[in-house]
There are 2 protein chains.
Amino acid sequence: MSVTIKDVAKLANVAPSTVSRVIADSPRISEQTKQKVRDAMEELGYYPNFIARSLASRSTHVLGLVMPGSADVVFQNPFFSNVLQGLSESAHEKKYALQMTTGKKESEIYNSVVEMVQGRRVDGIILLNSHINDKIMKYLLSTDFPFVVIGKPYENLDQITHVDNDNILAAREATEYLLTLNHKKIAFIGGSLNLVVTIDRLLGYDIALRQAGITLNSQYVIHEEFLQEGGREAISELLKLSEPPTALVVADDLMALGVLKKLDEYGVLVPKDLSIVSFNNVLFTEMSKPPLTSVDINIFDLGYEAAKNLIRKIENPDEPIRRIIIPHQIVERSSCKEYRSN
Amino acid sequence: MSVTIKDVAKLANVAPSTVSRVIADSPRISEQTKQKVRDAMEELGYYPNFIARSLASRSTHVLGLVMPGSADVVFQNPFFSNVLQGLSESAHEKKYALQMTTGKKESEIYNSVVEMVQGRRVDGIILLNSHINDKIMKYLLSTDFPFVVIGKPYENLDQITHVDNDNILAAREATEYLLTLNHKKIAFIGGSLNLVVTIDRLLGYDIALRQAGITLNSQYVIHEEFLQEGGREAISELLKLSEPPTALVVADDLMALGVLKKLDEYGVLVPKDLSIVSFNNVLFTEMSKPPLTSVDINIFDLGYEAAKNLIRKIENPDEPIRRIIIPHQIVERSSCKEYRSN
DNA sequence: TTGTAGGCGTTATCAG
DNA sequence: CTGATAACGCCTACAA
């Protein structure tokens with residue numbers, strides 16, 4: 001069928017094993033024969049068969065990416081494209097391919113992962129969306145198959161290499177930014193408490209308030225899905241309060257966009273009546289009306305580092321467990337304003 | 001190392017080939033031995049090695065997705081996540097994995113594709129972003145390796161299975177919609193003319209105008225990248241005209257968002273002063289201010305059908321070339337208004 | 001219905 | 001520095 005190592009060997013008058021060595025650029029082959037073999041490869045249009053190579057070398061040079069359920073809203077979030085871009089670029093630089101797996105239900109995804117791992121389809125795995133009680137993480141940990149998580153594992157922190165932001169600090173800073181602007185009544189709108197990101201950002205918010213001597217008002221904390229629809233629901237509840245907040249910490253840009261929309265419907269002006277700071281700093285934050293002040297978490301880097309460290313781990317089993325923290329910074333735009341009590 | 005077909009064979013007291021047949025659920029094996037073998041597999045925790053299976057059967061059950069350059073703006077477009085979602089779901093249903101390949105430059109991407117194909121890494125390939133003079137398409141065509149394109153090939157239309165919208169019609173309808181609202185001065189803002197989508201949408205726009213007896217004003221046609229930044233550049237040129245348009249056909253939602261932003265800066269009100277209809281109907285169209293009237297092209301389906309038809313083609317080489325057209329429909333929101341001349 | 005043996009295209013381990 | 005030869009784990013005639 002297609003041209004194999006044997007054909008090349010024959011044409012170059014060497015043994016197949018020699019050709020193999022030339023492919024690997026082994027230093028123990030004379031430049032002369034190398035050239036001879038390369039010419040033969042060229043002439044025949046030879047390309048190594050990756051599958052055969054994988055089988056023999058027991059490594060695929062493929063990274064597996066576990067995606068949120070295909071019906072999942074997370075998919076729609078620009079966050080996703082951004083990590084993917086980082087992962088993709090990093091993998092490509094190191095000559096690794098990226099393979100993704102999905103499923104509709106959690107259990108389906110779990111099975112896909114098991115198949116990937118046991119079936120030796122990939123050399124390592126990247127986990128997105130760290131949440132409480134993650135079975136996949138536990139499984140991976142039990143098989144000690146190379147993997148990294150983007151975000152922060154809920155358990156076994158010191159046994160899992162992960163790439164994350166310091167979300168506690170980030171949320172704290174975001175909240176402090178609002179406090180600096182003289183806001184006292186600051187609400188928090190976040191996604192599901194099953195997600196570790198939500199937990200961390202809520203924590204940071206809480207810490208900032210405490211330090212400012214403000215006790216957390218439980219009516220000011222709302223959890224919705226990380227989707228704009230969620231943000232919209234949340235807002236009406238807040239506005240009904242007898243003492244509505246003057247500022248909002250929103251855990252995701254897309255949600256913030258929904259909030260903005262809803263506020264507009266209610267005739268609430270941003271930032272005049274209400275200030276908003278959100279997270280992620282995705283593309284459209286500067287396109288919204290008003291442009292959103294958002295915490296840039298450098299999503300691309302999250303992906304880039306994740307792939308990079310996974311590959312490290314694959315190629316060097318003794319690589320220590322690492323916790324990589326990607327820096328963040330508040331990007332000020334026009335959704336916040338100093339509060340004046342009159 | 002890990003448990004193989006031989007271990008199972010031994011435990012079940014059968015030959016390895018029998019185990020192989022049980023895996024393939026061959027009808028020529030008695031239910032009795034099947035059960036016996038399955039029990040053994042269960043007991044040993046056996047999982048077939050995909051790599052070995054691929055090598056022997058000469059098929060990988062992997063689809064290759066060729067992505068735009070990793071630095072490319074297209075990556076940022078929600079369009080991308082949406083096709084991916086469709087591809088992913090479809091592939092998963094048929095038990096195929098999805099593998100992506102990137103590169104920064106066109107040539108790098110080309111090489112990745114050749115490697116994928118010659119290296120037998122994948123069983124078929126999905127091409128995104130059809131443009132003029134696509135070398136990858138030509139290469140694939142020359143090797144008659146299974147592939148489908150999402151969008152419309154520029155050449156060899158009848159030799160390439162592709163999944164597309166009727167973009168000419170869609171653009172025509174979008175323009176007619178504006179004409180119905182009494183607009184006469186309608187401008188077109190599109191992406192690069194290298195992209196077939198742009199060509200088609202421009203064509204549809206032109207047809208609609210002609211039919212309405214309006215001759216195309218070349219100053220009304222502007223091409224920019226499919227990114228919001230592009231949209232913003234475009235707008236200032238238009239507003240400088242002595243007879244600025246009263247309506248805009250914008251070839252992409254993200255661009256339209258940029259346009260909206262720019263218009264806002266210039267104090268132009270939408271839809272009062274200017275009507276806008278755009279394409280794709282991605283998530284944020286309903287979140288913008290004002291919500292955008294957009295042509296829904298059912299992006300998910302584009303992806304879903306692409307994967308589905310590629311798999312068909314892989315599993316049945318005699319499958320005819322197909323042209324699959326995904327329907328579209330205008331979703332009316334608040335960015336268009338009837339034009340009154342006074 | 002089941003077993004035997006060879007092959008898929010490489011890499012790896014020995015020799016030499 | 002290079003050549004045999006045996007894996008890698010599974011599939012598939014062919015034989016029984």
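Keep in mind that this is a model prediction, so the values were computed, not measured. Naming convention: chains lettered A, B, ... in sequence-line order (proteins, then strands); numbering from 1 in each chain.
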### Query
Between Ser30(B) and dT2(C), does any side-chain N or O lie under 4.0 Å from OP1 or OP2?
yes

### Query
So, His92(A) side chain and Ser90(A) main chain: donor-acceptor pair closer than 3.5 Å or not?
no

### Heavy-atom pair with the smallest gap, counting every atom of Val66(A) and Val113(A)
CG2-CG2, 3.6 Å

### Query
Below 4.5 Å, heavy atoms only, C-beta onward: do Tyr304(B) and Val83(B) meet side chain to side chain?
no

### Message
Angle between ring planes, Tyr110(A) versus Tyr139(A), binned at 30° and 60°: parallel, tilted or perpendicular?
### Response
perpendicular

### Task
Could you tell me whether Ser54(A) contacts a base, only the sugar-phosphate backbone, or nothing, with contacts defined as non-hydrogen atoms closer than 4.0 Å?
nothing

### Exam field: side chain Asn309(B) to backbone Glu305(B), donor-acceptor pair closer than 3.5 Å
yes

### Task
Would you mind classifying the nucleic acid contact of Ser26(A) as base, sugar-phosphate or nothing, using non-hydrogen atoms under 4.0 angstrom?
nothing

### Task
Verify, without hydrogens or angle tests, whether Asp164(A) (side chain) and Ile325(A) (backbone) share a donor-acceptor contact under 3.5 angstrom.
no

### Task
Select one nucleotide: of dT2(D), dG9(C), dC11(D), the one nearest the side-chain heavy atoms of Ile29(A).
dT2(D)

### Residue mapping more 5' on DNA chain C - nearest nucleotide basis, Ala56(B) or Pro16(B)
Pro16(B)

### Message
Just to be sure I understand the rule, does Thr4(A) reach a base, reach only the sugar-phosphate, or reach nothing, if contact means heavy atoms closer than 4.0 Å?
### Response
sugar-phosphate

### Query
Any sub-3.5 Å donor-acceptor pair from Asn49(A)'s side-chain atoms to Ala52(A)'s backbone N or O?
yes

### Query
Can a side chain N or O of Arg58(B) be found less than 4.0 Å away from OP1 or OP2 on dC8(C)?
no

#### Entry: Proximal nucleotide (of dG3(C), dT12(D), dT11(C)) relative to the Ile23(A) side chain
dT11(C)

## Note on the structure
Per nearest nucleotide of DNA chain C, the residue lying toward the 5' end, Ser57(B) or Val14(B), is Val14(B)

### Base of dT4(C) paired with side chain of Ser17(B) (donor-acceptor, under 3.5 Å)
yes

### Query
Looking at Asp25(B) and Lys34(B), does any basic side-chain N land under 4.0 Å from a carboxylate oxygen?
yes

Grab the N/O contacts between the protein and nucleotides 14-16 of chain D below 3.5 Å, and write none if there aren't any.
none

### Task
Run the salt-bridge test on Glu89(B) and Lys104(A) with the 4.0 Å N-O cut-off and return the result as yes or no.
yes

### Summary
Under a 4.0 Å heavy-atom cutoff, the residues of residues 35-47 of chain B touching DNA chain D are Tyr46(B)

### Query
Which nucleotide in the list dC8(D), dC11(D), dT10(C) gets nearest to the side chain of Leu55(A)?
dC8(D)

### Task
Please state how far atom CZ in Phe50(B) lies from atom C1' in dC8(D), giving the value in whole angstrom units.
17 Å

